[in-house]
Engineer: 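Let me begin by handing over the structure; questions about it come next.
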Amino acid sequence: MILYPAIDLKDGACVRLYKGDMDKATVFGDDPAAQARSFVEAGCEWLHLVDLNGAFAGKPVNGAAVEAILAATNVPAQLGGGIRDMATIEAWLDKGLARVILGTIAVRDPALVREAAKAFPGKVAVGIDARDGMVAVEGWAETTDTTATDLARQFEDAGVAAIIYTDIDRDGAMQGPNVAATAALASAVSIPVIASGGVSSLDDLRALKDSGAALDGAISGRALYDGKIDLAQAVALLKS
């Protein structure tokens, strides 16, 4: 399993939200590139970036911060938030992103996800964010009537690189991940699944690792900033 440190970007700063609420943002730093470098120096092999403003605007907003991170680091990075057309996908990949994450558009226009995954093999992931098992879109502001598993299965043969599954009610709440739901999703599809939301201790990572599902990785944000998880220890645990 791979540990993905999360850098969530709002108004150019590194923040963490509480359960996806933009009004409940804790600012952890105003230099995202420096934060990214510190994660890399601690041993991370990937970075998980989110353009929070972009998720609501439907287009990239924190592009300058993302580009600064890419320039400052030498590990692959994946980005979600506001990526909703082929031109934006291509532009980000041209700028050096290893992977784009398509969330809202996976619900609104699944054909675009298929087209992108075919055009850019290994570089397109689907972000599935769920509240009580139902997919939420538009920066989590709107809950759909589609289940996370049903959405994931739509892309079973599309060639997407991974599914990032976030349990919204766990995100930023430091209450532990929804291991059962994450494992169930991973068992329902053959696409690699990355767990997100609520990972707040080494024990949480251990529980995901031992869940019985072949998870590809886990994302952690607030716990790394708060010092609840030592990044080097976490990377070692998931590699063991």
Side-chain angles (χ1 to χ4, degrees), residues 1-4 6 8 17-21 48-52 54-56 58 78-84 99-114 116-117 124-200 204-205 207-222:
M1 284 177 66
I2 296 167
L3 180 72
Y4 295 78
D8 290 2
L17 306 185
Y18 179 74
K19 298 185 179 181
D21 188 338
H48 174 77
L49 314 177
V50 182
D51 182 347
L52 292 170
F56 285 90
Q78 60 185 21
L79 171 71
I83 304 173
R84 299 188 188 169
R99 195 151 67 197
V100 295
I101 303 166
L102 306 180
T104 294
I105 202 67
V107 176
R108 302 278 191 247
D109 188 1
L112 178 72
V113 177
R114 292 175 170 277
V124 175
V126 172
I128 298 182
D129 308 325
R131 185 179 280 116
D132 296 325
M134 308 306 287
V135 175
V137 295
E138 308 290 350
W140 302 350
E142 179 185 332
T143 303
T144 70
D145 57 2
T146 302
T147 70
T149 301
D150 284 347
L151 182 61
R153 283 179 170 149
Q154 286 184 38
F155 302 107
E156 187 72 274
D157 60 348
V160 300
I163 288 171
I164 291 94
Y165 175 71
T166 303
D167 186 299
I168 294 168
D169 287 330
R170 305 294 182 105
D171 192 68
M174 301 289 285
Q175 295 171 352
N178 190 332
V179 176
T182 307
L185 179 65
S187 298
V189 294
S190 61
I191 306 165
V193 172
I194 299 167
S196 174
V199 175
S200 54
D204 289 341
L205 292 172
L208 288 167
K209 189 168 183 269
D210 297 341
S211 67
L215 296 175
D216 186 67
I219 293 165
S220 184
R222 181 180 289 271

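Any value given below was found using the heavy atoms of this structure, including those in side chains, with hydrogens, waters and symmetry copies removed.
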Engineer: Keeping Ser220 on the side-chain end and Val199 on the backbone end, is there a donor-acceptor pair under 3.5 Å?
Structural biologist: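 Flag set: sc Ser220 to bb Val199 pair under 3.5 Å.
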Engineer: With a 4.5 Å limit on heavy-atom distance, are the side chains of Gln154 and Val126 in contact?
Structural biologist: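 Result no, sub-4.5 Å side-chain heavy-atom pair not found.
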Engineer: Closest approach of Val113 and Ala106, non-hydrogen atoms and distance?
Structural biologist: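 Scanning both residues completely, I find the closest heavy atoms to be CG2-CA, 3.7 Å.
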Engineer: Could you check whether any side-chain heavy atom of Val135 comes within less than 4.5 Å of a side-chain heavy atom of Ile128, counting everything from C-beta outward?
Structural biologist: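 When only atoms from C-beta onward are counted, Ile128 and Val135 do touch, with a gap below 4.5 Å.
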Engineer: Looking at residues at least two apart in the chain, or sitting in another chain, which of them share a side-chain contact (heavy atoms from CB on, under 4.5 Å) with Val50?
Structural biologist: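 Per chain and number, Val50 pairs via side-chain contact (heavy atoms from CB on, under 4.5 Å) with Asp8, His48, Leu52.
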Engineer: Show the nearest heavy-atom pair for residues Pro177 and Arg170, with the distance to one decimal.
Structural biologist: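 That closest heavy-atom pairing would be O-NH1, 3.0 Å.
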Engineer: Calculate, to the nearest 0.5 Å, the distance between atoms OG1 and CG belonging to Thr104 and Asp129 respectively.
Structural biologist: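 Going from the OG1 atom of Thr104 to the CG atom of Asp129 covers 8.0 Å.
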Engineer: Could you tell me the separation between the CD1 atom of Ile168 and the CG atom of Leu17, rounded to the nearest 0.5 Å?
Structural biologist: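 Result: 11.5 Å between the selected atoms.
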Engineer: Give a yes or no on whether the backbone of Ser190 and the side-chain of Glu156 come within a donor-acceptor separation of less than 3.5 Å.
Structural biologist: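 Looks like yes, one N/O pair under 3.5 Å.
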Engineer: Testing the basics here: between Ile191 and Phe155, what is the closest heavy-atom pair and its distance to 0.1 Å?
Structural biologist: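 Heavy atoms only, the tightest pair is CD1-O, 3.4 Å.
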Engineer: So which heavy atom on Arg84 is nearest to which on Ala55, and how close?
Structural biologist: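 Taking every non-hydrogen atom into account, NH2-O, 2.6 Å.
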Engineer: Measure across Ile83 and Leu102 and return the closest heavy-atom pair with its distance rounded to 0.1 Å.
Structural biologist: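 Between these two residues, the closest heavy atoms are O-CD2, 3.5 Å.
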Engineer: Just to verify, what does Arg131 make a side chain to side chain donor-acceptor pair (under 3.5 Å) with, not counting sequence neighbours?
Structural biologist: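 Partners of Arg131 under the side chain to side chain donor-acceptor pair (under 3.5 Å) test: Thr143.
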Engineer: With the side chain counted from C-beta on, respond yes when Thr147 and Met134 share a heavy-atom pair under 4.5 Å apart, and no when they do not.
Structural biologist: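 Touching, per the 4.5 Å side-chain cut-off.
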Engineer: Can you name the residues that form a ring pair (Phe, Tyr, Trp, His ring centres under 6.0 Å) with Tyr165, not counting sequence neighbours?
Structural biologist: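 Not a single residue meets the ring pair (Phe, Tyr, Trp, His ring centres under 6.0 Å) criterion with Tyr165.
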Engineer: Going through the distances and angles, do Asp169 and Asp132 end up as a side-chain contact (heavy atoms from CB on, under 4.5 Å)?
Structural biologist: CA-CA 8 Å; Asp169 287 330; Asp132 296 325; 3.8 Å; yes
Engineer: Go through the steps to decide whether Val189 and Arg153 satisfy the test side-chain contact (heavy atoms from CB on, under 4.5 Å), and finish with yes or no.
Structural biologist: CA-CA 6 Å; Val189 294; Arg153 283 179 170 149; 3.9 Å; yes
Engineer: For the CG atom of Leu151 and the CG atom of Leu185, what is their distance to the nearest 0.5 Å?
Structural biologist: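 The CG atom of Leu151 sits 9.5 Å away from the CG atom of Leu185.
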Engineer: Only one of Ile164, Ile2, Leu3, Thr166 forms a side chain to side chain contact (heavy atoms under 4.5 Å, CB included) with Ile219, so which one is it?
Structural biologist: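 Answer after filtering Ile164, Ile2, Leu3, Thr166: Ile164.
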Engineer: Verify whether one side chain among Asp204 and Ser200 offers a donor that lies under 3.5 Å from an acceptor in the other.
Structural biologist: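 Distance-only check passes for Asp204 and Ser200.
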Engineer: Give me the atom names and distance for the closest heavy-atom approach of Pro110 to Val107.
Structural biologist: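 Scanning both residues, the minimum pair turns out to be CD-O, 3.7 Å.
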Engineer: Going from CD1 on Ile163 to CD1 on Ile194, what distance comes out if it is rounded to the nearest 0.5 angstrom?
Structural biologist: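 Interatomic distance, Ile163 CD1 to Ile194 CD1, rounded to 0.5 Å: 10.0 Å.
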